[in-house]
Amino acid sequence: MSIRDAVESIPVEKRGSLMVKLLDVILKSKKGDVLSSDLAREFLRLWQEDKLNTINGLELLLTMAKILEPETTVQKLSELGFNELAKVVGGGL
Amino acid sequence: MMVKFGVEFVPYEPFWRTAFYAIQAEKRGFEYIWVTDHYNNRNVYVTLTTIALHTSRIKLGIGVTNPYLVNPVVTAQAAASISEIAPDRVILGIGPGDKTTLASLGVDMVLPVAAVKECVLIARSLFEKGKVEFEGKVFKVPSAAFYFKVKGRIPIFIGAQGPQMLRIAAKYGDGVLINASHPKDIKEAMKHVKKGVKAAGKSMEDIEIVAYTSLSIDENLEKALKAASRVVAFIVAGSPDFILERHGIDVDEAKEIKKALADARWKDAFSMVNQKMIDAFSITGTPEMCIKKIEELAKIGVTQIVAGSPIGPNVRKSIDLISEKVIAAFK
């Protein structure tokens with residue numbers, strides 16, 4: 001299963017809380033410099049357009065969180081009960 | 001009681017993080033973003049350009065640059081170039097700069113009051129007429145002109161601390177940026193601001209009085225205090241004795257903090273910060289506590305509060321909190 005497939009399976013009402021958790025992982029990471037400028041620009045575009053809680057937005061946030069803080073991301077996803085998503089994101093760790 | 005709210009960002013973090021918070025601030029009803037200018041961080045103009053391209057309403061403050069590292073004509077050019085992207089949203093903030101930082105580049109802070117005043121006059125001429133001829137004590141511009149039209153009005157705010165600079169700021173500036181969080185310091189500054197306003201034949205309503213504060217807000221007081229102590233330690237260490245004494249702070253304790261910071265004993269330094277220091281040099285606490293202190297500042301004449309570092313233990317949450325609780329209380 002891809003990250004996108006896993007995101008699509010998340011109920012709409014849970015997308016907001018997932019977005020907030022992922023944002024905190026991304027914003028608190030001390031490794032912000034490793035993010036590519038392409039991903040960063042897409043992140044700002046989606047945030048400006050209020051689309052970070054959409055499927056595209058969450059897919060991007062998960063991709064960023066996985067790059068910046070893979071272990072913390074898996075842990076947070078598990079804590080929130082997104083076990084399937086945690087498995088997909090954690091694959092290969 | 002009408003107060004405008006701004007937020008300060010120090011671009012030491014990747015561009016996307018600063019821009020994220022700036023977009024958030026606009027969404028949450030802040031009116032101003034101020035980006036600091038230090039050569040060792042990301043460039044202020046590039047940062048503001050990025051923010052300008054991702055926002056549509058919030059004012060963009062250069063907060064603040066100095067007249068020494070960049071020729072005032074080039075500073076005006078940079079501000080005018082951002083104003084083309086975001087007309088009527090750019091504010092040029094000018095102050096004398098930081099002596100230590102300038103010294104690290106081998107630059108002397110020559111005649112700071114004259115340098116700031118002359119920089120303001122040069123920039124204003126370029127903003128309003130597109131050209132300048134100037135001969136001052138510090139700067140000489142025999143003849144300079146822009147080959148482009150400046151879009152929008154660009155107000156000039158002056159960062160001031162000492163009596164002379166405060167008077168000049170009030171006389172020549174559209175706004176005065178005062179690095180202070182405590183009513184005692186603002187009251188003292190206002191004495192000189194009023195003199196400058198009078199000398200210029202202006203009224204207090206003609207200028208914006210900005211308290212550039214250190215602010216730390218959280219629903220959890222302990223968390224807010226912990227975040228504040230990291231910033232307040234540096235403010236205490238850099239404050240002259242007469243300022244410390246004004247707030248009843250033990251000068252020897254301040255020296256200990258300074259020594260700990262110089263030795264990179266961060267934990268020691270932060271743990272020596274006490275409540276008196278926090279009260280003197282920051283607006284820290286729960287939303288209710290912050291509102292109370294901001295009300296005091298507004299009564300003295302502050303028209304804009306800038307939430308500066310650390311903003312809170314979690315910047316994203318703190319920006320939301322300021323919007324929901326603090327800004328809402330002053331509407």
Side-chain angles (χ1 to χ4, degrees), chain A residues 3 7 13-73 75-77 79-80 82 89, chain B residues 7 9-30 33 35 40-43 46-58 60 85-86 89 218-220 223 226-227 230 266 309-324:
Chain A
I3 287 183
V7 168
E13 66 273 14
K14 290 191 174 173
R15 287 179 188 167
S17 58
L18 176 60
M19 177 191 79
V20 167
K21 282 284 172 195
L22 291 171
L23 276 176
D24 279 341
V25 171
I26 290 163
L27 294 170
K28 284 181 188 169
S29 172
K30 291 192 164 47
K31 300 172 214 155
D33 286 333
V34 304
L35 206 65
S36 77
S37 52
D38 284 346
L39 274 183
R41 286 201 303 271
E42 182 64 0
F43 169 66
L44 292 179
R45 187 184 70 78
L46 290 173
W47 174 224
Q48 185 186 4
E49 293 172 4
D50 272 328
K51 288 180 180 166
L52 285 178
N53 61 352
T54 62
I55 289 173
N56 282 345
L58 290 172
E59 186 184 11
L60 178 80
L61 291 177
L62 281 161
T63 306
M64 289 171 69
K66 189 180 175 182
I67 292 169
L68 296 172
E69 299 291 341
E71 277 143 24
T72 310
T73 305
Q75 187 197 327
K76 294 277 177 197
L77 291 172
E79 281 170 13
L80 286 169
F82 296 115
V89 172
Chain B
V7 60
F9 297 115
V10 182
Y12 62 85
E13 298 205 90
F15 78 94
W16 54 269
R17 206 170 275 169
T18 305
F20 173 90
Y21 293 131
I23 296 167
Q24 185 194 2
E26 175 169 276
K27 286 176 191 281
R28 302 292 181 258
F30 284 78
I33 285 164
V35 174
N40 36 13
N41 292 324
R42 274 77 171 174
N43 180 272
V46 175
T47 303
L48 282 172
T49 302
T50 307
I51 293 170
L53 291 169
H54 287 90
T55 53
S56 56
R57 176 192 56 77
I58 201 159
L60 309 163
I85 300 167
R89 291 172 57 201
D218 198 274
E219 294 285 12
N220 181 320
K223 285 185 180 177
K226 193 177 171 191
R230 294 172 185 181
W266 313 116
S309 298
I311 305 172
N314 177 320
V315 175
R316 184 190 61 76
K317 280 187 192 167
S318 295
I319 288 174
D320 279 350
L321 202 53
I322 294 170
S323 167
E324 287 160 17

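Since we're looking at a predicted model, the values are computed, not measured. Letters A, B, ... are given to chains in the order of the sequence lines, protein chains preceding strands, and every chain is numbered from 1.
- With a 6.0 Å radius and a threshold of 12 heavy atoms from other residues, nucleotides or ligands, A:Lys30 has its NZ atom at or below the threshold.
- Residues A:Ile26 and B:Phe20 form no side-chain contact, since every pair of their non-hydrogen atoms from C-beta on lies 4.5 Å or further apart.
- What you find for B:Asn314 and A:Asp24 is that their closest heavy atoms are ND2-OD1, 3.4 Å.
- Side-chain contact check for B:Lys27 versus A:Trp47: some heavy-atom pair is nearer than 4.5 Å.
- A distance of 10.0 Å separates OG1 of B:Thr50 from CZ of A:Arg41, quoted to the nearest 0.5 Å.
- The side-chain heavy atoms of B:Val315 and A:Leu27, taken from C-beta on, include no pair separated by under 4.5 Å.
- Once rounded to the nearest 0.5 Å, the distance linking CG of A:Asp33 with CZ of B:Arg17 reads 8.5 Å.
- In this structure, the portions of B:Gln24 lying under 4.5 Å from any heavy atom of chain A include both its backbone and its side chain.
- Minimum heavy-atom separation, A:Gly32 to B:Pro14: C-CG, 3.7 Å.
- In this structure, chain A has no heavy atom under 4.5 Å from any part of B:Ser56.
- Using the six-membered ring where Trp is involved, B:Trp16 and A:Phe43 have ring planes that are perpendicular, over 60° apart on the 30 and 60° scheme.
- Taking all atoms of both residues into account, the shortest heavy-atom contact from B:Thr55 to A:Gln48 is N-NE2, 4.0 Å.
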